[in-house]
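Below is one structure; the comments refer to it alone.
Just the heavy atoms: all of them, side chains too, but no hydrogens, waters or symmetry mates, feed the values below. Counting starts at 1 for both ligands and their atoms, in listed order.
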Amino acid sequence: MANLIGAVTTSHVPAIGAAIARGRQHDPYWSAFFEGYLPVRRWLDETKPEVVVVVYNDHGLNFFLDKMPTFAIGAAPSYRNADEGWGLPQMPSFQGDEDLSWHLVESLVADEFDIVTCQEMLVDHAFTLPLALLWPQRPWPVRVVPVCVNTVLFPLPSAARCLRLGQSIGRAIDAWDNDARVLVIGSGGLSHQLDGRRAGHINREFDQRFMDSLALEPEWAAQQSINELVRQAGTQGIELLNWLVARGTMTGSVTELYRNYHIPISNTATGLMLFEHRH
Ligand code: DHB
Ligand code: FE
């Protein structure tokens, strides 16, 4: 039986990747943001997860507006990123875990989540940046499984549905016939809006309430409507749906070990949470 050791939720602003590529981590603009990741990196050094399920949203690299699955899972031996126009470096490919991928695909479909299965998949900054923040070494010392949620093209899945997807993934990980240590990452948010009349929208009060809810009562966030979440968090802040999926995977007892909140990076209120999970 696999061991789901916990979850990390984090923002994924592309400028982070440019800062890493140019070695700017200690610049005044960046230092407090990057230092926020050190406690999580220490915890990862101790707990040594072997497989990471990354819940993220694609921003037009692998799925464009002509074909937009609500939920998609990668089932490839490896994945790679590609130029998205942000000037981020292209990396050597990342090692997948086909066994866990297919187990998740079969379990989710049996549990009535009709996901799209991708045997080839490009992964964008929302996938690569959380991994780059958590593991500075290359290659990353983990195998990966991408879980992609549509947070970009309406209609979006409800928050309640996202929490239930997470719970279904969590039960599947628990039942996986492998004793690997598994970590889940939720990528996106917190409040931000990149375009329109509210460009630059940031909502500290809501972000704090949302983080409290993830720690103590995810049902609060899960019962909010998509329109209310967009009103509070912004048209891109709705990426926090990925945090709800990640939180849902932990069906045993959950302890918040750490959080950081830093405003702004680019146009985004950045957040980071670390949860420990035990059965
Ligand atoms: C920004 C934030 C995002 O989540 C994203 O996907 C792209 C850009 C930003 O704040 O610049
Ligand atoms: Fe984004």
Side-chain angles (χ1 to χ4, degrees), residues 8-22 24-25 27 29-30 32-34 36-37 54-65 68-72 79 81-91 121-134 146-154 156-157 159 162 184-204 206-207 210-211 214 226 229-246 260-273:
V8 175
T9 55
T10 172
S11 309
H12 63 224
V13 182
I16 299 163
I20 293 173
R22 295 180 193 134
R24 295 269 166 80
Q25 290 93 327
D27 284 10
Y29 180 84
W30 287 105
F33 171 78
F34 280 103
Y37 287 81
V54 185
V55 184
Y56 72 107
N57 59 292
D58 181 89
H59 300 69
L61 180 68
N62 193 67
F63 302 116
F64 199 59
L65 303 181
M68 184 58 68
T70 302
F71 302 124
Y79 305 90
N81 71 338
D83 184 11
E84 302 170 60
W86 298 106
L88 301 182
Q90 286 178 47
M91 301 165 138
M121 196 178 200
L122 291 174
V123 289
D124 77 359
H125 67 276
F127 179 95
T128 57
L129 293 178
L131 292 160
L133 284 162
L134 299 184
V147 173
C148 189
V149 176
N150 170 28
T151 70
V152 301
L153 180 66
F154 276 70
L156 309 187
C162 288
V184 176
I185 292 177
S187 168
L190 285 171
S191 58
H192 64 300
Q193 173 145 345
L194 300 180
D195 47 22
R197 200 166 38 82
R198 294 205 309 167
H201 170 80
I202 279 179
N203 186 345
R204 177 194 287 267
F206 170 80
D207 289 339
F210 178 73
M211 287 193 283
L214 277 206
I226 290 294
L229 289 170
V230 167
R231 198 172 72 75
Q232 296 287 353
T235 42
Q236 279 72 41
I238 191 65
E239 291 173 344
L240 53 74
L241 291 174
N242 301 324
W243 290 39
L244 261 179
V245 177
N260 190 43
Y261 186 71
H262 180 88
I263 295 179
I265 292 296
S266 179
N267 286 306
T268 298
T270 62
L272 167 65
M273 295 185 84

Show me which atoms of ligand 1 lie under 4.0 Å from any heavy atom of [X].
X: H125; answer: 5 (C), 6 (O), 7 (C)
X: E239; answer: 4 (O), 6 (O)
X: L194; answer: 1 (C), 7 (C), 8 (C), 9 (C), 10 (O)

Main-chain N/O of [Y] paired with [X] side-chain donor or acceptor, under 3.5 Å:
X: N62; Y: L122; answer: yes
X: H201; Y: Q232; answer: yes
X: N81; Y: P89; answer: yes
X: D207; Y: S191; answer: yes
X: D27; Y: W30; answer: no
X: E84; Y: D124; answer: no

Walk me through whether L190 and F206 qualify under side chain to side chain contact (heavy atoms under 4.5 Å, CB included).
CA-CA 9 Å; L190 285 171; F206 170 80; over 6 Å; no
[atom] [closest protein heavy-atom partner, distance rounded to 0.1 Å]:
atom: atom 9 (C) of ligand 1; result: S266 OG, 3.2 Å
atom: atom 7 (C) of ligand 1; result: P14 CD, 3.2 Å
atom: atom 3 (C) of ligand 1; result: H192 NE2, 3.4 Å

Are side-chain N/O atoms of E239 and H59 paired as donor and acceptor at under 3.5 Å?
yes
Within H192, is some N, O or S atom less than 2.8 Å away from the Fe ion (ligand 2)?
no
Please determine whether H12 has a backbone or side-chain N, O or S atom lying under 2.8 Å from the Fe ion (ligand 2).
yes
Taking the side chain as C-beta and beyond, is there a heavy-atom pair between S187 and F127 under 4.5 Å?
no
Closest to the Fe ion (ligand 2), among the N/O/S atoms of E239, is atom OE2
Tell me which one of V152, T268, L129, T270 gets a heavy atom nearest to atom 2 (C) of ligand 1.
T268
Under 4.0 Å between heavy atoms, the region of H59 that gets near ligand 1 turns out to be side chain
Counting both backbone and side chain atoms, is some N or O of W86 under 3.5 Å from an N or O of ligand 1?
no
Does some non-hydrogen atom of H12 fall short of 4.0 Å from ligand 1?
yes
